[in-house]
Amino acid sequence: SKTITASFLPLRFLITASAGAHGAIRPSGQISAPFGSSQNFAIRPDLHFTIADVIVDSVSKGRTGQYTFQDVAGDHAIRAEFAIQEHTLRMSVQGNGSILRIPALRQYPYGSSVQLQAVAGLHRTSKTTRRTDAVPDLGNSTWVFDHWEIDATGKSNPITVVMDRDKVVRAVFRAGKTIRREVSRAN
């Protein structure tokens, strides 16, 4: 009679974990996971970046900071992608005027510059418009730019704002001199 002894190693699978530029996934590389086990991954962006997407076995899992493979029964892949943070610039005016911004974007990448120019307006005191080409009516007063408030300060115009966080900027205009001008029109 013969005795046969067999040893079995637990079945193991590979999980390949990688990260794009500007962030990390831990653990990373090729991780050996036993059949039926769970394996957790932590995803962290670098400073001023955000998680753009986590892709597991070619399927997007969204902007999650962690992912766990449950009951591992095959090889897997996980990849983290990152994007620069974006910030919002909210603008308002006090008085009569507007703000031009260059570039005019909905969101600004971290560290980008935005040029703001305060443009004073006319205040109409007359309810009738005599011409369609915006020649001022009698009794108009001009407005002048006075200063910036909140996340921008000073009297310089234009100014440059660096987008290192969400920002709010207000342009303050004050009433200037009154313009008295006769407008004549040939019929």
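Keep in mind that the numbers below use all heavy atoms, side chains included, and drop hydrogens, waters and symmetry copies.
A donor and an acceptor atom, one from each side chain of Y110 and H48, are located under 3.5 Å apart. Defined by atom type and a distance below 3.5 Å, a donor-acceptor pair is present between the side-chain atoms of Q70 and S38.
Between the CG atom in L14 and the CG atom in D75 there is a gap of 5.5 Å [rounded to 0.5 Å]. Of the inter-residue distances, the one linking I31 atom CD1 with R26 atom CZ reads 10.5 Å to the nearest 0.5 angstrom. Here OG of S92 is found 4.5 Å from CZ of R170. Values are rounded to the nearest 0.5 Å. With rounding to the nearest 0.5 angstrom, the OG1 atom of T68 is 3.5 Å from the CG atom of N40. Between F41 atom CZ and H76 atom NE2 the span is 9.5 Å, to the nearest 0.5 Å. In this structure, the separation between CE on M91 and CG on L100 is 8.5 Å, given to the nearest 0.5 Å.
In this structure, the side chain of D164 does not engage the main chain of G111 through any donor-acceptor pair within 3.5 Å. A side-chain donor-acceptor contact under 3.5 Å links Y108 to the backbone of P103. R12 places a side-chain N or O within donor-acceptor distance of the main-chain N or O of S32, the cut-off being under 3.5 Å. Put simply, the side chain of S156 never gets that close to the backbone of P158: no donor and acceptor are under 3.5 Å apart. No donor-acceptor pair under 3.5 Å is formed between the side chain of K167 and the backbone N or O of H87.
Nearest heavy atom pair, residue A52 against residue R63, reads O-CG, 3.4 Å. When all heavy atoms of S98 and V93 are compared, the closest pair comes out as CA-CG1, 4.0 Å.
You'll find the side chain of L116 reaches within 4.5 Å of the side chain of W148, heavy atoms only. Between I55 and K61, every side-chain heavy-atom pair lies at or beyond the 4.5 Å cut-off. You'll find the side chain of F173 stays beyond 4.5 Å of the side chain of N96, heavy atoms only. Contact check for I78 versus F69: side-chain heavy atoms found under the 4.5 Å cut-off. Contact annotation: the side chain of L89 approaches that of V114 to within less than 4.5 Å [non-hydrogen atoms, C-beta and beyond]. The shortest distance between side-chain heavy atoms of D53 and F82 does not fall below 4.5 Å. Side-chain contact check for R174 versus V144: some heavy-atom pair is nearer than 4.5 Å. Looking only at side-chain heavy atoms (C-beta outward), Q115 and I159 stay at 4.5 Å or farther from each other.
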Show your reasoning for whether side chain to side chain contact (heavy atoms under 4.5 Å, CB included) applies to T88 and Q107. CA-CA 5 Å; T88 302; Q107 297 251 298; 2.6 Å; yes

Where do N157 and Q117 land on the side chain to side chain contact (heavy atoms under 4.5 Å, CB included) test, with the steps shown first? CA-CA 6 Å; N157 190 29; Q117 182 171 3; 3.8 Å; yes

I150 vs V169, side chain to side chain contact (heavy atoms under 4.5 Å, CB included): CA-CA, chis, key distance, verdict: CA-CA 6 Å; I150 308 176; V169 174; over 6 Å; no

List the steps and the verdict of side chain to side chain contact (heavy atoms under 4.5 Å, CB included) for T153 and H147. CA-CA 7 Å; T153 58; H147 65 277; over 6 Å; no

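With sequence neighbours left out, the side-chain hydrogen bond (donor to acceptor under 3.5 Å, both in side chains) criterion links S18 to R79.
Using the six-membered ring where Trp is involved, F35 and F13 have ring planes that are tilted, between 30° and 60° apart.
Using a 4.0 Å cut-off between charged nitrogen and carboxylate oxygen, D146 and K155 count as a salt-bridge pair. Using a cutoff of 4.0 Å between basic side-chain nitrogens and carboxylate oxygens, D151 and R165 are scored as salt-bridged.
Hydrophobic clustering keeps M163 apart from I84 (ILVMFWY residues linked when any side-chain heavy atoms are closer than 4.5 Å, directly or through intermediates). The cluster map of Ile, Leu, Val, Met, Phe, Trp and Tyr, joined by side-chain heavy atoms under 4.5 Å apart, puts I99 and F145 in the same cluster. I25 and F49 fall into different hydrophobic clusters, where Ile, Leu, Val, Met, Phe, Trp and Tyr are joined by side-chain heavy atoms under 4.5 Å apart, directly or via other members. Under a hydrophobic-cluster definition in which Ile, Leu, Val, Met, Phe, Trp and Tyr are linked whenever side-chain heavy atoms come within less than 4.5 Å, directly or via other members, L47 and I43 are assigned to different clusters.
Within a 6.0 Å sphere centred on CZ of R90, heavy atoms belonging to other residues, nucleotides or ligands number 12 at most.
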